[in-house]
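Working notes, structure below.
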Amino acid sequence: MGTLAGAGDPRDTSGPRDTAGTHNPATAAEIMSSPVYTVSPDTSVEEIAGLLGTRRISAVPVLEESGHVVGVVSEYDVLATPGHTAAEVMSRTVISVSAGTPVSDIRALLVDRRIGRLPVIEKGKLVGIVSRRDVVALLTTEWACGKCGQPARGYDPPENCPTCGGSGDFTLQEQSPGP
């Protein structure tokens with residue numbers, strides 16, 4: 001089974017900052033998980049189920065020897081599709097995004113297509129994966145108004161503070177780990 005292991009949280013949230021000092025997680029590259037656990041077409045369904053369970057992930061991309069994504073095996077595929085290997089149970093229609101795809105487009109694809117994750121592809125190769133969980137995590141992003149300190153939640157800082165009307169001076173508030 002071909003898997004790529006990563007230590008700790010694989011997300012890189014140290015992306016570009018604008019002149020106001022705020023961080024705007026606007027693209028797939030900034031919220032994707034990387035490296036990605038993957039399997040080959042001949043990986044057994046039992047091995048895939050074990051990987052999904054031990055890594056607490058809901059799906060794995062299937063890569064051919066050249067590194068191209070040829071499918072995705074989800075928990076649903078493991079449970080509902082008869083077969084013994086990834087090639088037999090995988091979903092062959094793969095919707096993917098590039099590293100520069102805006103989060104708003106990713107959200108629309110996940111919702112409109114009712115899918116759980118999107119492989120991130122650059123130059124024909126898998127570089128990461130964005131899941132619903134990655135996008136939902138952005139909902140906890142909190143921005144503080146530089147004028148009055150009022151917090152606002154969302155993907156991007158608001159144009160104007162809902163409390164004082166201040167504009168353009170919002171800073172990202174780091175969220176403490178844990179519940």
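Nothing here was measured: the structure is a model prediction, and the numbers come from that model. Note that these values count all heavy atoms, side chains included, but never hydrogens, waters or copies made by symmetry.
- Put simply, the side chain of Ser33 reaches to within 4.5 Å of the side chain of Asp134, judged on heavy atoms.
- Between Ile106 and Ala28, the shortest heavy-atom contact is CD1-CB, 3.5 Å.
- Taking all atoms of both residues into account, the shortest heavy-atom contact from Val62 to Ala86 is CG2-CB, 4.1 Å.
- Taking both residues in full, the closest heavy atoms of Val89 and Gly83 are given as CG1-CA, 3.8 Å, listed atom of the first, atom of the second, then distance.
- The SG atom of Cys164 sits 5.0 Å away from atom NZ of Lys147, with the distance rounded to the nearest 0.5 Å.
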Pair Arg117, Ser58 - check side chain to side chain contact (heavy atoms under 4.5 Å, CB included), show working. CA-CA 9 Å; Arg117 78 245 8 111; Ser58 62; 3.0 Å; yes
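- No more than 12 heavy atoms of other residues, nucleotides or ligands sit less than 6.0 Å from atom NE2 of His84.
- You'll find the side chain of Leu51 reaches within 4.5 Å of the side chain of Val39, heavy atoms only.
- Looking only at side-chain heavy atoms (C-beta outward), Val94 and Pro119 come within less than 4.5 Å of each other.
- To the nearest 0.5 Å, atoms CD1 (Ile115) and CD1 (Ile95) are separated by 4.0 Å.
- Judged by distance alone, with hydrogens and angles left aside, the side-chain atoms of Ser91 form no donor-acceptor pair with the main-chain N or O of Thr93 at under 3.5 Å.
- Rounded to the nearest 0.5 Å, atoms CD1 (Ile48) and CD (Glu75) are 12.0 Å apart.
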Determine, stepwise, if the pair Val60 / Val72 fulfils side chain to side chain contact (heavy atoms under 4.5 Å, CB included). CA-CA 6 Å; Val60 288; Val72 174; over 6 Å; no
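- Between Pro151 and Trp143, every side-chain heavy-atom pair lies at or beyond the 4.5 Å cut-off.
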Could you walk me through whether Thr85 and Thr43 pass the side chain to side chain contact (heavy atoms under 4.5 Å, CB included) test, one step at a time? CA-CA 5 Å; Thr85 66; Thr43 302; over 6 Å; no
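- Taken to the nearest 0.5 Å, the CD1 atom of Ile121 stands 10.5 Å off from the OG1 atom of Thr101.
- Residue Pro41 comes nearest to Val70 through the heavy atom pair CG-CG2, 4.4 Å, listed as atom of the first residue, atom of the second, then distance.
- A distance of 8.0 Å separates OG in Ser40 from CD in Glu47, rounded to the nearest 0.5 Å.
- Here the closest non-hydrogen pair linking Gly128 and Met32 is CA-SD, 3.8 Å.
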Assess whether side chain to side chain contact (heavy atoms under 4.5 Å, CB included) is satisfied between Leu118 and Leu110, documenting all intermediate values. CA-CA 8 Å; Leu118 292 164; Leu110 293 171; 3.9 Å; yes
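- Rounded to the nearest 0.5 Å, atoms CD1 (Ile57) and CD1 (Ile129) are 8.0 Å apart.
- The side-chain heavy atoms of Val120 and Val130, taken from C-beta on, include a pair separated by under 4.5 Å.
- When atom types are taken as modelled, the side chain of Glu122 and the backbone of Val127 share no donor-acceptor pair closer than 3.5 angstrom.
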